[in-house]
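Comments concern the structure below.
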Amino acid sequence: MSRIGNRVLNIPEGVKVSVDGNTVTISGPKGELKDTFNENIKVSVDGNTVKVTRPDDSITNKSLHGTTNSLIENMLIGVSEGYVKNLEINGVGYRCSVTGNKIELHVGFSHPVTIEAPEGIKVEAPSQTTIKISGIDKQKVNQFAAVVRGIKKPEPYKGKGIRYAGETIKLKEGKKASK
């Protein structure tokens with residue numbers, strides 16, 4: 001029995017949920033998200049709650065049940081509160097700047113690296129060493145943050161590179177002089 005799939009999701013105030021067949025549209029103060037789910041999983045809206053049900057206990061339906069419930073919950077949170085991912089840049093001379101929807105990173109390469117944020121993602125640079133990525137779609141926000149981090153992952157000896165805020169890097173001990 002799926003505990004996650006059986007959760008009843010409460011609709012936040014100011015958010016509207018509509019179900020058309022297997023397509024769920026959720027709109028709120030931050031924007032609108034629309035997603036199509038498997039036809040075996042039934043989504044129903046009862047007043048101020050959303051319930052996800054499955055037809056039988058087959059392995060595929062069990063896995064889709066919990067996944068669909070989690071995706072709908074992420075959509076509800078996204079249109080009401082939104083998602084934010086913060087990145088930190090560590091290293092001497094490492095910095096970033098944001099112009100419009102593009103991030104320019106100076107992270108130890110011979111040239112600056114420029115990345116354009118996808119549609120629906122807002123990028124800010126509160127300082128030269130921090131990046132704030134925000135949006136209503138959790139998957140897009142986390143994927144773009146992973147792409148930015150992947151440009152210069154933190155190296156294990158000095159910790160230089162781009163890391164998530166609060167992420168701890170296990171540092172290795174460097175070479176020692178011979179005796």
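Numbering of residues begins at 1 and proceeds along the displayed sequence.
The shortest distance between side-chain heavy atoms of Ile11 and Ile26 does not fall below 4.5 Å. Using a 4.5 Å heavy-atom cutoff, the side chains of Arg54 and Asn40 are not in contact. Looking only at side-chain heavy atoms (C-beta outward), Arg95 and Ile89 stay at 4.5 Å or farther from each other. With a 4.5 Å cut-off on side-chain heavy atoms, Glu88 and Asn86 do not count as touching. Looking at heavy atoms from C-beta onward, Asn90 lies in side-chain contact with Arg163 at the 4.5 angstrom threshold. Looking only at side-chain heavy atoms (C-beta outward), Ser44 and Val19 stay at 4.5 Å or farther from each other. Residues Tyr83 and Asn142 fail the side-chain proximity criterion, which asks for heavy atoms closer than 4.5 Å. For the pair Val24/Asp35, no side-chain contact is recorded, criterion being any heavy-atom separation below 4.5 Å from C-beta on.
The minimum heavy-atom distance between Ser127 and Cys96, with the atom names listed, is O-SG, 4.2 Å. Smallest separation of non-hydrogen atoms from Gly31 and Val79: O-CG1, 3.6 Å. What you find for Lys152 and Val107 is that their closest heavy atoms are CE-O, 3.5 Å. Residue Pro112 comes nearest to His106 through the heavy atom pair CB-CE1, 3.4 Å, listed as atom of the first residue, atom of the second, then distance. When every heavy atom of Ile133 is checked against every heavy atom of Ala145, the shortest pair comes out as CD1-CA, 3.7 Å. When all heavy atoms are compared, the tightest approach of Pro154 to Ile162 is CD-O, 3.1 Å.
Val141 and Leu33 fall into different hydrophobic clusters, where Ile, Leu, Val, Met, Phe, Trp and Tyr are joined by side-chain heavy atoms under 4.5 Å apart, directly or via other members. Following chains of ILVMFWY side-chain contacts shorter than 4.5 Å, one cannot reach Ile131 starting from Ile169, and the two form parts of different hydrophobic clusters. Hydrophobic clustering (ILVMFWY, side-chain heavy atoms < 4.5 Å, transitive): Val17 and Leu71 are in one cluster. Phe109 and Leu105 end up in the same hydrophobic cluster when Ile, Leu, Val, Met, Phe, Trp and Tyr side chains are linked at under 4.5 Å. Placement of Val84 and Tyr164 in two distinct hydrophobic clusters is found when ILVMFWY residues are connected by side-chain heavy-atom separations under 4.5 Å, directly or transitively.
Note: Lys16 NZ to Thr25 OG1 = 13.0 Å, rounded to the nearest 0.5 Å. Distance check: Lys85 NZ to Gln143 CD gives 12.0 Å after rounding to the nearest 0.5 Å. Annotation: the span from Asn74 atom CG to Lys138 atom NZ amounts to 4.5 Å, rounded to 0.5 Å. With rounding to the nearest 0.5 angstrom, the CD1 atom of Ile72 is 11.0 Å from the OG1 atom of Thr67. Going from atom CE of Met75 over to atom OG of Ser27 covers 10.0 Å, rounded to the nearest 0.5 Å. We find the CD1-OG1 distance between Ile41 and Thr68 to be 5.0 Å, quoted to the nearest 0.5 Å.
Glu155 contributes a side-chain N or O that, together with a main-chain N or O of Tyr157, makes up a donor-acceptor pair within less than 3.5 Å. Here the side chain of Lys42 pairs a donor or acceptor atom with the backbone of Glu39 at under 3.5 angstrom. A donor-acceptor contact shorter than 3.5 Å links the side chain of Asn22 to the backbone of Phe37.
Atom NZ of Lys51 is surrounded by more than 12 heavy atoms from other residues, nucleotides or ligands within 6.0 Å. Taking a 6.0 Å sphere around CG of Asp56, one finds it holds more than 12 heavy atoms contributed by other residues, nucleotides or ligands.
A salt bridge links Lys122 to Glu124: at least one charged side-chain nitrogen sits closer than 4.0 Å to a carboxylate oxygen.
When each of Val148, Ile103, Thr99, Ile115 is tested with Val123 by the rule side chain to side chain contact (heavy atoms under 4.5 Å, CB included), just one qualifies, namely Ile103.
For the residue pair Ser58 / Asn61, a side-chain donor-acceptor distance below 3.5 Å is found, with atom types taken as modelled.
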Q. So Glu13 and Ser80, side-chain contact (heavy atoms from CB on, under 4.5 Å) or not? Walk me through it.
A. CA-CA 8 Å; Glu13 201 168 309; Ser80 61; over 6 Å; no
